[in-house]
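Positions are given from 1, in the same order as the sequence printed here.
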Amino acid sequence: MNHDSARAQFAAWLAGRRLRRLAALTGAGISAESGVPTFRGADGLWRQMSMAELFTPQALEERPLLVWQLYDELRTRIAATEPNAGHRALAALGRQRILTVITQNIDGLHQRACNEGVLELHGTLWRLRCDACGYREENTQTPLPTLPPACPECHGVLRPDIVFFTEVLPRQALFGAMLASEQCDLMLVVGTSGVVYPAAGIPAAARAHGALLLEINPEDTALTGEMDYVIRATAADALPWVAAALAETGA
Ligand code: OAD
């Protein structure tokens, strides 16, 4: 299907709908066209065993320096990327309509595209925290010092403020995401395989509260069966025209 007919079909689907509040759940796929690898694709990060092995609480305890080095490498790699047309389209839509962006990504690209109020379910690469006292510090320095810094508030040591395997999600972001899913009329589900919970359960929660679900992904996902509308395209390709169509529907 070419762009024009995809747009026309989507506009016909939107016609007459009253979509006051919007939400978007994003995953690694929205950053793929910025050059950030996804987790489960052919070159996915989880195929690089060090990530799966080292981004765990156990590794942080037993091999803190290796975890720190890998974290530094990932930050350096992602600092060299830029937001793409998909991030920018969501940021523009957020200035025109009520839109809550809920992301599983830790890359900070939504914020760099000037999207405000993004809920980061899995934390961010760009903040450090102390598990001993809860101290947090924004930090974009690359490269990092070779040793993890001491906490300025207590005897602790700073660590990445990202959710490692088996760790719980930040309560405030999860609460905000549940609230947005209960209140929205339409949720865009962009670039996520939909297999990691609790994030993968958010579209179902939105649907249970009456929201329509729209998927943007070049491939089928675990969530496709729950969708009301599916756009089989990349985020940078589809989001600019999807966002423009949603902006036009007004409140
Ligand atoms: P995945 O790597 O599991 O899935 C990426 C999705 O993006 C797939 O469905 C792809 O088809 C899709 N995709 C690829 N390129 C795309 C493009 N250009 N535009 C749109 N979609 C594209 O990534 P996530 O679903 O984000 O958690 O993974 C969820 C969580 O699993 C991550 O946040 C991470 C990981 O364990 C933690 O680190 C806690």
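- Side-chain atoms of T142 and T76 include no donor-acceptor pair closer than 3.5 Å.
- Considering only heavy atoms from C-beta on, V157 stays 4.5 Å or farther from W68 through its side chain.
- A salt bridge does not link D185 with R18: every distance from a Lys NZ or Arg NE/NH1/NH2 to an Asp or Glu carboxylate oxygen is 4.0 Å or more.
- At least one donor-acceptor pair closer than 3.5 Å links the side chain of R17 to the backbone N or O of W13.
- The closest side-chain heavy-atom distance from L158 to P148 is not below 4.5 Å.
- Closest heavy-atom contact between L169 and P198: CD2-CG, 3.6 Å.
- Contact annotation: the side chain of E120 never approaches that of P170 to less than 4.5 Å [non-hydrogen atoms, C-beta and beyond].
- The backbone N or O of N217 lies less than 3.5 Å from a partner atom in the side chain of R232, making a donor-acceptor pair.
- When the shell of 6.0 Å around CZ of R171 is examined, it contains 12 or fewer heavy atoms from other residues, nucleotides or ligands.
- Here the side chain of N139 pairs a donor or acceptor atom with the backbone of Q141 at under 3.5 angstrom.
- Residues T249 and R97 meet the side-chain proximity criterion, which asks for heavy atoms closer than 4.5 Å.
- The main-chain N or O of Y135 is never found under 3.5 Å from a side-chain atom of E153 such that the two would form a donor-acceptor pair.
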(request) Assess whether side chain to side chain contact (heavy atoms under 4.5 Å, CB included) is satisfied between L188 and L239, documenting all intermediate values. (result) CA-CA 10 Å; L188 290 80; L239 270 172; 3.9 Å; yes

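- From T234, atom OG1 reaches atom CD1 of I30 across 10.0 Å, with rounding to the nearest 0.5 Å.
- Using a 4.5 Å heavy-atom cutoff, the side chains of T38 and S31 are not in contact.
- For L93 against A247, the heavy-atom pair with the smallest separation is CD1-N, 3.8 Å.
- For the atom pair I216 CD1 and Y229 OH, the distance stands at 10.5 Å (nearest 0.5 Å).
- Taking each heavy atom of A236 and A85 in turn, the nearest pair found is O-CB, 3.8 Å.
- Between I102 and A180 the shortest heavy-atom distance is CD1-CB, 4.3 Å.
- Under the 4.0 Å criterion applied to side-chain N and carboxylate O atoms, R159 and E167 are assigned as salt-bridge partners.
- Put simply, L186 and L119 are part of two different groups of oily side chains (I, L, V, M, F, W, Y) that touch within less than 4.5 Å, one to the next.
- To the nearest 0.5 angstrom, E137 atom CD is 13.5 Å from R129 atom CZ.
- Checking side-chain atoms of S193 against main-chain N and O of T221 turns up no donor-acceptor pair under 3.5 Å.
- If you take CD1 on I231 and CG on L214, they are separated by 5.0 Å, rounding to the nearest 0.5 Å.
- For the residue pair C184 and A211, the shortest heavy atom distance occurs at O-CB, 3.4 Å.
- Side-chain atoms of W241 do not come within 3.5 Å of backbone N or O of D4 as any donor-acceptor pair.
- The distance from atom CG of D228 to atom CG of L212, rounded to the nearest 0.5 Å, is 4.5 Å.
- Smallest separation of non-hydrogen atoms from Y71 and R127: OH-O, 3.7 Å.
- A 4.5 Å side-chain heavy-atom check between I202 and L121 finds at least one atom pair inside the cut-off.
- With values rounded to the nearest 0.5 angstrom, R75 atom CZ is found 8.5 Å from T124 atom OG1.
- Among H110, Q104, H87, the single residue meeting the side chain to side chain donor-acceptor pair (under 3.5 Å) criterion with T26 is H110.
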